[in-house]
Participant: 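Dropping the structure in here first, questions after.
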Amino acid sequence: MARFSIIFAALAVAACAAQQALAPAEPPAAPSFDPALVRKGAELAALGDCNTCHTAPGGKPYAGGRALKTPFGTLYGTNITPDPETGIGRWSGAAFRRALREGLDREGRHLYPAFPYEYYTRLSDEDIRALYAYVMTREPVRASPPPHELRFPYNVRALLGAWKALYFRPGVFQPDPRRSAHANRGAYLAESLAHCGACHTPRNALGAEMKEHAFDGGEAEGWHAPALNAANPAPVPWSAQQLFTYLRTGLDAQHAIAAGPMDPVVRNLARVAEEDVRALADYFAALMPGRGQTPEAKADSGGPGAAIYAGACGTCHDRGRDASSGSALPLAFASALALPTSKNLLRITLEGIAPPAGEPGRFMPGFAQALTDAQVKELMRYSRSRFGGGAPPWDDVDEELRKAREDK
Ligand code: HEC
Ligand code: HEC
Ligand code: HEC
């Protein structure tokens with residue numbers, strides 16, 4: 001019922017809220033952009049993860065085509081190279097700014113919030129100018145991404161007008177004069193460009209962020225993005241220094257590796273100014289007051305799960321992580337075991353962990369073929385009770401295992 005009344009309201013709002021198209025512009029010549037502005041834009045693009053969604057695996061940078069799975073269907077990152085036909089080569093700076101600030105394309109159509117303009121709306125004019133300079137000086141690529149595959153009614157773009165009226169609050173970030181420049185920088189990055197909450201804040205049934213639950217833990221492409229506030233599940237509480245190391249390298253001595261959708265985030269943060277990563281680390285360290293216990297494995301309960309663990313996992317994870325291959329963190333230290341859901345441990349178990357092709361990183365084999373569903377379930381039960389820090393058994397293993405198998 002609620003959904004239908006929203007759709008009805010949507011049609012009403014959408015009907016009277018047609019947005020203006022902005023005139024096509026001649027693509028500005030690449031050399032006309034100030035190289036310093038382009039360099040700044042490159043850093044901002046890394047902080048904003050523009051490459052993650054706008055580059056297909058193995059594809060040309062920013063030419064689009066990367067699939068993004070959402071609860072409403074699959075969206076594809078668009079081509080944001082300056083190609084005039086298939087990219088944004090005919091977009092003026094004003095059209096580009098409007099896309100980031102208001103979630104509208106050049107023709108005035110509403111954009112899906114899978115493009116995190118709910119965050120980019122807070123960007124400063126100056127940063128948007130630098131991003132524009134960077135994007136418009138990339139190699140133009142002629143390429144059209146596949147059309148989005150969204151279920152009805154989500155495939156009706158005009159309904160986004162109502163969604164935005166209900167949930168979208170445009171507006172530039174306002175620094176807090178009582179805070180230091182460093183603290184304001186951390187807040188600006190976390191709450192705008194780096195859009196940490198886009199994954200780490202939960203969303204309602206219509207995909208809108210529950211703002212009163214900021215950083216309570218959300219979902220990203222079938223993974224759980226853990227809480228980054230007092231509810232953070234990490235068995236060893238994060239210090240600011242550890243967070244910095246994790247965000248910079250994906251690996252900190254006492255915490256799990258940044259896997260799944262967090263991996264591209266840290267690969268981008270490795271390329272930006274150290275000071276910005278410090279500002280982000282300090283921002284989140286302040287939100288996650290430590291609870292200060294040392295993780296411990298519970299007594300081995302035996303059973304079929306114990307044997308599966310010993311054969312498939314313990315050989316590496318009981319060794320502890322050092323520089324050698326075949327070594328890995330004891331699982332009592334891993335957040336995946338302490339989360340409210342089994343989905344991350346399931347995905348890591350089935351898919352393993354591997355760096356993107358050609359990049360350095362630690363490697364764990366996937367067990368999708370080696371383990372049957374029954375074995376995986378036994379392993380989940382055992383691992384949770386032995387390494388989950390006393391958390392209750394998971395009740396979502398059957399469903400999450402089915403989803404993880406489908407996504408393989
Ligand atoms: C989480 C994924 C994601 C990230 C990160 C992201 N985008 Fe996008 N972006 C999308 C998707 C998906 C669309 C298409 C939305 C639609 O069709 O309504 C889009 C659309 C756009 C558009 C409109 C293009 C068009 O053809 O209509 C622009 C411009 C854009 N993004 C620029 C950027 C920039 C600049 C950044 C980095 C600051 C960025 N995006 C980061 C997913 C993303
Ligand atoms: C595209 C989605 C996405 C974005 C954007 C994102 N994260 Fe994450 N993050 C995740 C997921 C998923 C995990 C769980 C990864 C795992 O299990 O290895 C995670 C894990 C983490 C962890 C480890 C938590 C723990 O206690 O185990 C931290 C810290 C973190 N993210 C911080 C950040 C910060 C800071 C930002 C913004 C700069 C950010 N994330 C942006 C998806 C995201
Ligand atoms: C060949 C060695 C190896 C085996 C076998 C192995 N892993 Fe891993 N695992 C790794 C490595 C390497 C990482 C990357 C991070 C690290 O070094 O700890 C990792 C990461 C993880 C993580 C994220 C926490 C972390 O260590 O950063 C989890 C959870 C995990 N593995 C679970 C499992 C489970 C469950 C099994 C058995 C089904 C398993 N692993 C088998 C090597 C292994």
Side-chain angles (χ1 to χ4, degrees), residues 44-45 47-54 64 66 68 75-80 87-88 91 95-96 99-100 103 105-107 109-117 120 123 128 131-132 134-135 145 148 157 160 189-190 193-200 218-221 223-228 232-234 238 243 246-247 251 255-266 269 277 280-281 283-284 288 308-309 312-317 319 321 325-331 333-339 344-345 347-349 352-353 361-365 367 370-371 376 379-380 383:
L44 296 174
L47 280 160
D49 299 317
C50 314
N51 59 347
T52 308
C53 296
H54 287 282
R66 203 275 208 178
L68 258 171
L75 289 107
Y76 292 89
T78 50
N79 180 346
I80 56 166
I88 60 168
W91 288 42
F96 182 80
L100 294 170
D105 74 3
R106 192 185 61 72
E107 273 97 13
R109 285 180 298 238
H110 294 295
L111 291 166
Y112 284 99
F115 166 37
Y117 56 81
Y120 301 151
L123 287 172
I128 293 180
L131 281 165
Y132 182 69
Y134 174 70
V135 167
H148 301 323
R157 202 178 265 281
L160 287 167
L189 292 175
L193 190 53
H195 62 278
C196 310
C199 298
H200 287 275
E219 204 179 300
E221 300 171 68
W223 289 67
H224 177 80
L228 298 179
N232 177 255
W238 290 96
L243 267 176
Y246 174 87
L247 292 174
L251 211 58
H255 296 90
I257 194 169
M262 192 60 198
D263 177 58
V265 175
V266 300
L269 291 179
V277 184
L280 277 167
Y283 175 88
F284 284 103
M288 296 195 268
I308 299 165
Y309 171 81
C313 323
T315 41
C316 296
H317 285 280
R319 267 179 62 188
R321 188 197 286 148
S325 69
S327 71
L329 191 73
L331 291 188
F333 286 79
S335 295
L337 280 296
L339 298 176
N344 289 14
L345 186 61
R347 281 173 195 262
I348 293 172
T349 302
I353 288 175
R362 295 185 61 86
F363 176 81
M364 163 178 154
F367 290 83
L371 296 177
V376 172
L379 178 63
M380 292 299 125
S383 309

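Each ligand, and each atom within it, is numbered from 1 in the order the structure gives. This is a predicted model, so every value here is computed, not measured. Positions are given from 1, in the same order as the sequence printed here.
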Participant: Under 4.0 Å from any heavy atom of A194, which atoms of ligand 2 are there?
Facilitator: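 Reading through ligand 2 atom by atom, the close ones are 37 (C), 38 (C).
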Participant: Within a distance under 4.0 Å of any heavy atom of I257, pick out the atoms of ligand 2 and give their elements.
Facilitator: 18 (O)
Participant: Quick one: which of R347, H255, R362, H317 has a heavy atom closest to atom 6 (C) of ligand 3?
Facilitator: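 Among R347, H255, R362, H317, the closest heavy atom to atom 6 (C) of ligand 3 belongs to H317.
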Participant: Give the atom numbers and elements of ligand 2 that come within less than 4.0 Å of a heavy atom of F284.
Facilitator: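 Selected atoms, number and element: 35 (C).
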Participant: Under 3.5 Å, N or O to N or O, is D49 touching ligand 2 that way?
Facilitator: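 In this structure, D49 places no N or O atom under 3.5 Å from an N or O of ligand 2.
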Participant: Would you compute the distance between atom CZ of F115 and atom CD1 of I80 and round it to the nearest 0.5 angstrom?
Facilitator: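 Nearest 0.5 Å value for the CZ-CD1 distance: 8.0 Å.
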Participant: Once you restrict to heavy atoms under 4.0 Å, what part of L247 touches ligand 2? Side chain, backbone, both or neither.
Facilitator: side chain
Participant: Going by distance only, is there an N or O of N232 that falls short of 3.5 Å from an N or O of ligand 2?
Facilitator: yes
Participant: Decide whether an N or O pair under 3.5 Å exists between A259 and ligand 2.
Facilitator: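 For ligand 2, there is an N or O atom that lies under 3.5 Å from one belonging to A259.
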Participant: Checking ring-ring contact (aromatic ring centres under 6.0 Å, His included) between F96 and each of Y132, Y134, Y117, W91, which is the one that passes?
Facilitator: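 Exactly one candidate clears the test, Y132.
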Participant: Out of A45, C50, C199, who gets a non-hydrogen atom closest to atom 38 (C) of ligand 1?
Facilitator: C50
Participant: Between A334, A336, C316, flag the one that comes closest to atom 4 (C) of ligand 3 by a heavy atom.
Facilitator: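 It is C316 that holds the nearest heavy atom.
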Participant: Contact between L131 and L123 at the side-chain level, heavy atoms closer than 4.5 Å - yes or no?
Facilitator: yes
Participant: Just to check, does I308 reach to within less than 4.0 Å of ligand 3 when the distance is taken from its heavy atoms?
Facilitator: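 Contact check I308 vs ligand 3: negative.
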Participant: For atom 24 (C) of ligand 1, what's the nearest protein heavy-atom neighbour? Residue, atom name and distance, please.
Facilitator: T78 OG1, 3.5 Å
Participant: What is the closest protein heavy atom to atom 27 (O) of ligand 2, and at what distance does it sit?
Facilitator: S335 OG, 2.6 Å
Participant: Using a 3.5 Å cut-off on N or O atoms only, is H195 in polar contact with ligand 1?
Facilitator: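 N/O-N/O distance below 3.5 Å does not exist for this pair.
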Participant: Against heavy atoms of H148, which atoms of ligand 1 measure under 4.0 Å?
Facilitator: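 Reading through ligand 1 atom by atom, the close ones are 16 (C), 17 (O).
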Participant: If we only consider heavy atoms of S383, is any one of them less than 4.0 Å away from an atom in ligand 3?
Facilitator: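 Under 4.0 Å: no for S383.
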Participant: Return a yes/no value for A225: is any of its N or O atoms, backbone included, closer than 3.5 angstrom to an N or O of ligand 2?
Facilitator: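 Between A225 and ligand 2 (N or O atoms, distance only) the closest approach is not under 3.5 Å.
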Participant: Kindly compute the distance separating NE2 (H54) from CD1 (I88), expressed to the nearest 0.5 Å.
Facilitator: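 So the NE2 of H54 and the CD1 of I88 are separated by 8.5 Å.
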Participant: Would E221 count as a contact residue for ligand 2, given that I'm defining contact as a non-hydrogen atom of the residue lying under 4.0 Å from a ligand atom?
Facilitator: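 Checking ligand 2 against E221, which is what was asked, there is no heavy-atom contact under 4.0 Å.
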Participant: Could you list the atoms of ligand 2 found under 4.0 angstrom from a heavy atom of A220?
Facilitator: 2 (C)
Participant: Within ligand 3, which atoms have a heavy atom of L345 less than 4.0 Å away?
Facilitator: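 Near L345, the atoms of ligand 3 are 29 (C).
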Participant: Using a 3.5 Å distance criterion without hydrogens, assess whether the side chain of N79 forms a donor-acceptor pair with backbone atoms of G64.
Facilitator: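 Absent.
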Participant: Looking at P226, which atoms of ligand 2 are within less than 4.0 Å of one of its heavy atoms?
Facilitator: 13 (C), 14 (C), 19 (C), 20 (C), 24 (C)
Participant: What part of N344 sits under 4.0 Å from ligand 3 if we count only heavy atoms: the side chain, the backbone, both or neither?
Facilitator: neither
Participant: Closer than 4.0 Å to some heavy atom of C53 - which atoms of ligand 1 meet that?
Facilitator: 1 (C), 2 (C), 3 (C), 4 (C), 5 (C), 42 (C), 43 (C)
Participant: To which protein heavy atom is atom 13 (C) of ligand 1 closest, and what is the distance rounded to 0.1 Å?
Facilitator: F115 CB, 3.8 Å
Participant: Starting from atom 41 (C) of ligand 1, what is the nearest protein heavy atom, named by residue and atom, and what distance separates them?
Facilitator: Y120 OH, 3.2 Å
Participant: Could you find the nearest protein heavy atom to atom 37 (C) of ligand 2 and give me its residue, atom name and distance?
Facilitator: C196 SG, 1.9 Å
Participant: Starting from atom 20 (C) of ligand 2, what is the nearest protein heavy atom, named by residue and atom, and what distance separates them?
Facilitator: Y246 OH, 3.4 Å
Participant: Report yes if some N/O of L329 lies less than 3.5 Å from some N/O of ligand 3; otherwise report no.
Facilitator: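 Min N/O separation from ligand 3 is below 3.5 Å for L329.
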Participant: Using a distance threshold of 2.8 Å, state whether an N, O or S atom of H54 lies below it from atom 8 (Fe) of ligand 1.
Facilitator: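 Short answer: yes, at least one N, O or S atom is under the cut-off.
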Participant: Do the charged groups of E221 and R66 touch, with an N to O distance under 4.0 Å?
Facilitator: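 Salt bridge: yes.
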Participant: At atom 8 (Fe) of ligand 2, what is the angle formed between atom NE2 of H200 and atom SD of M262, rounded to the nearest 10°?
Facilitator: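 Result: 180°, to 10°.
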Participant: Between the candidates R157, H110, R106, which shows the shortest non-hydrogen contact distance to atom 16 (C) of ligand 1?
Facilitator: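 Selected option, by shortest heavy-atom distance: R157.
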Participant: How close does the nearest protein non-hydrogen atom get to atom 25 (C) of ligand 1, and which residue and atom is it?
Facilitator: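 Scanning the protein heavy atoms, the shortest distance from atom 25 (C) of ligand 1 goes to W91 CZ2, 3.7 Å.
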Participant: Heavy-atom distance to atom 35 (C) of ligand 3: which of I348, T349, T315 wins?
Facilitator: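 Among I348, T349, T315, the closest heavy atom to atom 35 (C) of ligand 3 comes from T349.
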Participant: If you measure from CH2 on W223 to CE on M262, what distance do you get to the nearest 0.5 Å?
Facilitator: 12.0 Å
Participant: For atom 28 (C) of ligand 1, find the nearest protein heavy atom and state the residue, atom name and distance (0.1 Å precision).
Facilitator: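 Answer, as residue, atom name and distance: I80 CG2, 3.7 Å.
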Participant: As an exercise, identify every atom of ligand 3 less than 4.0 angstrom from a heavy atom of L379.
Facilitator: 38 (C)
Participant: Which of the numbered atoms in ligand 3 are under 4.0 angstrom from any heavy atom belonging to P365?
Facilitator: 1 (C)
Participant: Under a 4.0 Å heavy-atom limit, does A198 contact ligand 1 with its side chain, its backbone, both, or neither?
Facilitator: neither
Participant: Any atoms of ligand 2 less than 4.0 Å from a non-hydrogen atom of P261? List them with their elements.
Facilitator: 1 (C), 12 (C)
Participant: Can you tell which of M364, R319, M380 gets a heavy atom nearest to atom 39 (C) of ligand 3?
Facilitator: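 It is M364 that holds the nearest heavy atom.
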Participant: Quick one: which ligand 2 atoms are inside 4.0 Å of a heavy atom on L243?
Facilitator: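 In order of number, 29 (C).
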Participant: Does F333 approach ligand 3 within less than 4.0 angstrom via side chain, backbone, both or neither, non-hydrogen atoms only?
Facilitator: neither
Participant: Quick one: nearest non-hydrogen protein atom to atom 12 (C) of ligand 3, plus distance?
Facilitator: F363 O, 3.4 Å
Participant: For G260, state whether at least one heavy atom is located under 4.0 Å from any atom of ligand 2.
Facilitator: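 Judged by the 4.0 Å heavy-atom criterion, G260 does not count as contacting ligand 2.
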Participant: Below 4.0 angstrom from a heavy atom of D105, which ligand 1 atoms are there? Numbered from 1 as shown, please.
Facilitator: 27 (O)
Participant: Strictly under 4.0 Å, does any heavy atom of T52 approach an atom of ligand 1?
Facilitator: no
Participant: Measure up the Y120 and H195 rings against each other and bin them: parallel (under 30°), tilted (30 to 60°), perpendicular (over 60°).
Facilitator: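 Rings of Y120 and H195: perpendicular, over 60°.
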Participant: Is S327 close enough to touch ligand 3? Criterion: a residue heavy atom under 4.0 Å from a ligand atom.
Facilitator: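 True for this residue.
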Participant: Among all protein heavy atoms in this structure, tell me which lies nearest to atom 36 (C) of ligand 3, with the distance rounded to 0.1 Å.
Facilitator: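 Ranked first by proximity to atom 36 (C) of ligand 3 is C313 SG, 2.8 Å.
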Participant: When you look at I353 and R362, which way does the side-chain contact (heavy atoms from CB on, under 4.5 Å) test go after all the steps?
Facilitator: CA-CA 7 Å; I353 288 175; R362 295 185 61 86; 5.6 Å; no
Participant: Heavy-atom contact under 4.0 Å between W238 and ligand 2?
Facilitator: yes
Participant: Among all protein heavy atoms, pick the one closest to atom 5 (C) of ligand 3 and tell me residue, atom and distance.
Facilitator: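 So the nearest neighbour among protein heavy atoms is A312 O, 3.0 Å.
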Participant: How long is the straight-line distance from CZ of R321 back to CD1 of I257, given to the nearest 0.5 Å?
Facilitator: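 So the gap between those two atoms works out to 6.5 Å.
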